[in-house]
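Data first, discussion second: the structure below is written as structure tokens.
All residue numbers in this chain count up from 1 along the given sequence. FYI, side chains are in, hydrogens and waters are out, and symmetry mates aren't considered; it's all heavy atoms of this structure.
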Amino acid sequence: MSELLVDFITSLDGCASGKGWPGWWGLEGPEYLAWLGEQPEVTYLMGAKTYRLMSGFAAGEVPSGQDDFRSEEEDSVDQLTRAPKVVFSSSLEAPLPWANATLVRDDAVEAVRAMKEDGSGILSTIGSLSLARSLLRAGLVDRFRVVMFPVITGATGAERIYDGYPDVALDMIGHRTFDGRTQLVEYRPRVLDHPPLAAPA
């Protein structure tokens with residue numbers, strides 16, 4: 001059976017990006033980059049918005065505000081291009097031009113449920129906030145991992161990750177600090193029907 005990982009990189013205030021900030025908020029250090037290079041192979045799961053963004057980077061589109069990719073960003077995009085990817089969308093057309101990407105039009109929750117039951121290895125979301133939220137609500141997520149970068153993007157932050165989430169209990173199974181400043185936390189999530197002090201509906 002496959003394991004499903006929801007994997008986010010965020011600012012301290014829970015934003016997935018910020019206007020005017022480079023990738024990784026410009027704060028990726030050697031320990032963090034080395035850890036990224038050591039991660040096992042996964043099959044990435046994404047929605048149409050993330051696919052359009054990431055496949056655009058792979059085709060050479062540079063993020064707004066940058067003149068060129070930094071070498072670390074190029075390496076990350078190259079790794080994504082080589083990895084298997086499953087894209088859930090009703091608006092995209094097959095075949096997808098980005099290498100190793102498969103389009104699925106079926107309901108994402110049921111499709112991922114079947115992938116977990118029939119497969120092996122690791123499935124991992126990348127970006128795709130609404131997809132990750134739906135999979136968590138459905139109780140399909142085995143691990144919830146967040147790498148928090150030491151910035152607060154109160155004025156410029158975008159894509160607030162936790163808006164619309166249910167209440168979730170998190171049991172910590174791992175943590176690590178990279179380069180003396182960037183914090184990884186990893187949990188096993190459990191969606192709650194109600195908070196502890198609320199009466200059952």
**Message:** For Ala59, give me all partners under side chain to side chain contact (heavy atoms under 4.5 Å, CB included), at least two apart in sequence or on another chain.
**Reply:** none
**Leu5 side, atom CG; Thr43 side, atom OG1 - distance, nearest 0.5 Å** = 12.0 Å
**Prompt:** Out of curiosity, Leu96 CG to Ser89 OG, how far, rounded to the nearest 0.5 Å?
**Reply:** 8.0 Å
**Prompt:** Looking only at heavy atoms, what is the nearest atom pair of Lys85 and Leu80, with distance?
**Reply:** NZ-O, 2.8 Å
**Asked** In Å and rounded to the nearest 0.5 Å, what is the CG to CE distance from Leu53 to Met46?
**Response** 10.0 Å
**Prompt:** What heavy-atom pair brings Met148 and Val185 nearest, and what distance separates the two atoms?
**Reply:** CE-CG2, 4.1 Å
**Request:** Using the side-chain contact (heavy atoms from CB on, under 4.5 Å) rule, take Phe178 and Leu33 through it: C-alpha gap first, then chi angles, then the decisive distance, then the call.
**Result:** CA-CA 9 Å; Phe178 300 107; Leu33 292 174; over 6 Å; no
**Message:** Restricting to non-hydrogen atoms, name the atom on Leu135 and the atom on Ala108 that form the minimum distance, rounded to 0.1 Å.
**Reply:** CD2-O, 4.4 Å
**Item:** Single-linkage hydrophobic cluster, 4.5 Å side-chain cutoff, Tyr165 and Leu12 together
**Value:** yes
**Request:** Decide whether Val147 and Val141 are clustered together by the hydrophobic rule: side chain heavy atoms of Ile, Leu, Val, Met, Phe, Trp, Tyr closer than 4.5 Å, transitively.
**Result:** no
**Ser11 side, atom OG; Ile161 side, atom CD1 - distance, nearest 0.5 Å** = 7.5 Å
**Message:** Hydrophobic clustering (ILVMFWY, side-chain heavy atoms < 4.5 Å, transitive) - are Val6 and Ile126 grouped together?
**Reply:** no
**Fill in**
d(Ser91 OG, Lys49 NZ) to nearest 0.5 Å is 12.5 Å
**Item:** Side-chain donor/acceptor of Arg190 to backbone N/O of Leu170, under 3.5 Å
**Value:** no
**Prompt:** If we only count heavy atoms from C-beta on, is the Leu45 to Leu4 side-chain gap below 4.5 Å?
**Reply:** yes
**Message:** Strictly distance-based, threshold 3.5 Å: is any side-chain N or O of Asp167 a donor or acceptor partner for the main-chain N or O of Asp193?
**Reply:** no
**Asked** Are more than 12 heavy atoms from other residues, nucleotides or ligands located less than 6.0 Å from atom CD of Glu41?
**Response** no
**Asked** Between the side chain of Ser128 and the main-chain N/O of Thr50, is any donor-acceptor distance below 3.5 Å?
**Response** no
**Donor-acceptor side-chain pairing of Trp21 and Thr153 below 3.5 angstrom** = no
**Item:** Residue pair Lys116 / Met1: nearest heavy atoms and the distance that separates them
**Value:** O-CG, 2.9 Å
**Asked** Do Leu36 and Glu28 come within less than 4.5 Å of each other through their side chains, counting heavy atoms only?
**Response** no
**Request:** Over all heavy atoms of both residues, which pair between Arg105 and Leu103 is shortest? Give the atoms and the distance, please.
**Result:** NH2-CD2, 3.9 Å
**Request:** Please collect all ring pair (Phe, Tyr, Trp, His ring centres under 6.0 Å) contacts where either partner lies in residues 82-134, sequence neighbours excluded, each pair once.
**Result:** Tyr51-Trp98
**Fill in**
When every non-hydrogen atom of Ala158 is compared with those of Cys15, the smallest separation belongs to O-CB, 3.4 Å
**Item:** All pairs passing side chain to side chain donor-acceptor pair (under 3.5 Å) where residues 176-187 contributes a residue, at least two apart
**Value:** Arg143-Glu186, Thr177-Gln183
**Request:** Ignoring hydrogens and angles, tell me if any N or O in the side chain of Arg133 forms a donor-acceptor pair with the backbone of Asp163 under 3.5 Å.
**Result:** yes
**Prompt:** Would you say Asp75 and Gln79 make side-chain contact, with heavy atoms under 4.5 Å?
**Reply:** no
**Prompt:** Do Val146 and Leu184 belong to the same hydrophobic cluster, where Ile, Leu, Val, Met, Phe, Trp and Tyr are linked whenever their side-chain heavy atoms lie under 4.5 Å apart, directly or via other members?
**Reply:** no
**Prompt:** Does Leu92 reach the side chain of Arg52, with side-chain heavy atoms less than 4.5 Å apart?
**Reply:** yes
**Message:** Does the plane of the ring in Tyr162 sit parallel, tilted or perpendicular to the ring in Phe144? Use 30° and 60° as the thresholds.
**Reply:** tilted
**Request:** Report, as yes or no, whether the 6.0 Å neighbourhood of atom CZ on Arg160 holds more than 12 heavy atoms from other residues, nucleotides or ligands.
**Result:** no
**Item:** Same apolar cluster (I L V M F W Y, side chains within < 4.5 Å links), Phe8/Val191
**Value:** yes
**Fill in**
Distance col, row Asp142:CG vs Leu123:CG, nearest 0.5 angstrom, shows 9.0 Å
**Prompt:** Would you call Asp7-Arg145 a salt bridge at under 4.0 Å N-O?
**Reply:** yes
**Message:** Over 60° means perpendicular and under 30° means parallel, so tell me whether Tyr32 and Phe149 are parallel, tilted or perpendicular.
**Reply:** perpendicular
**Asked** Can you check side-chain contact (heavy atoms from CB on, under 4.5 Å) on Val168 and Leu136, steps first, answer last?
**Response** CA-CA 9 Å; Val168 183; Leu136 184 72; 3.8 Å; yes
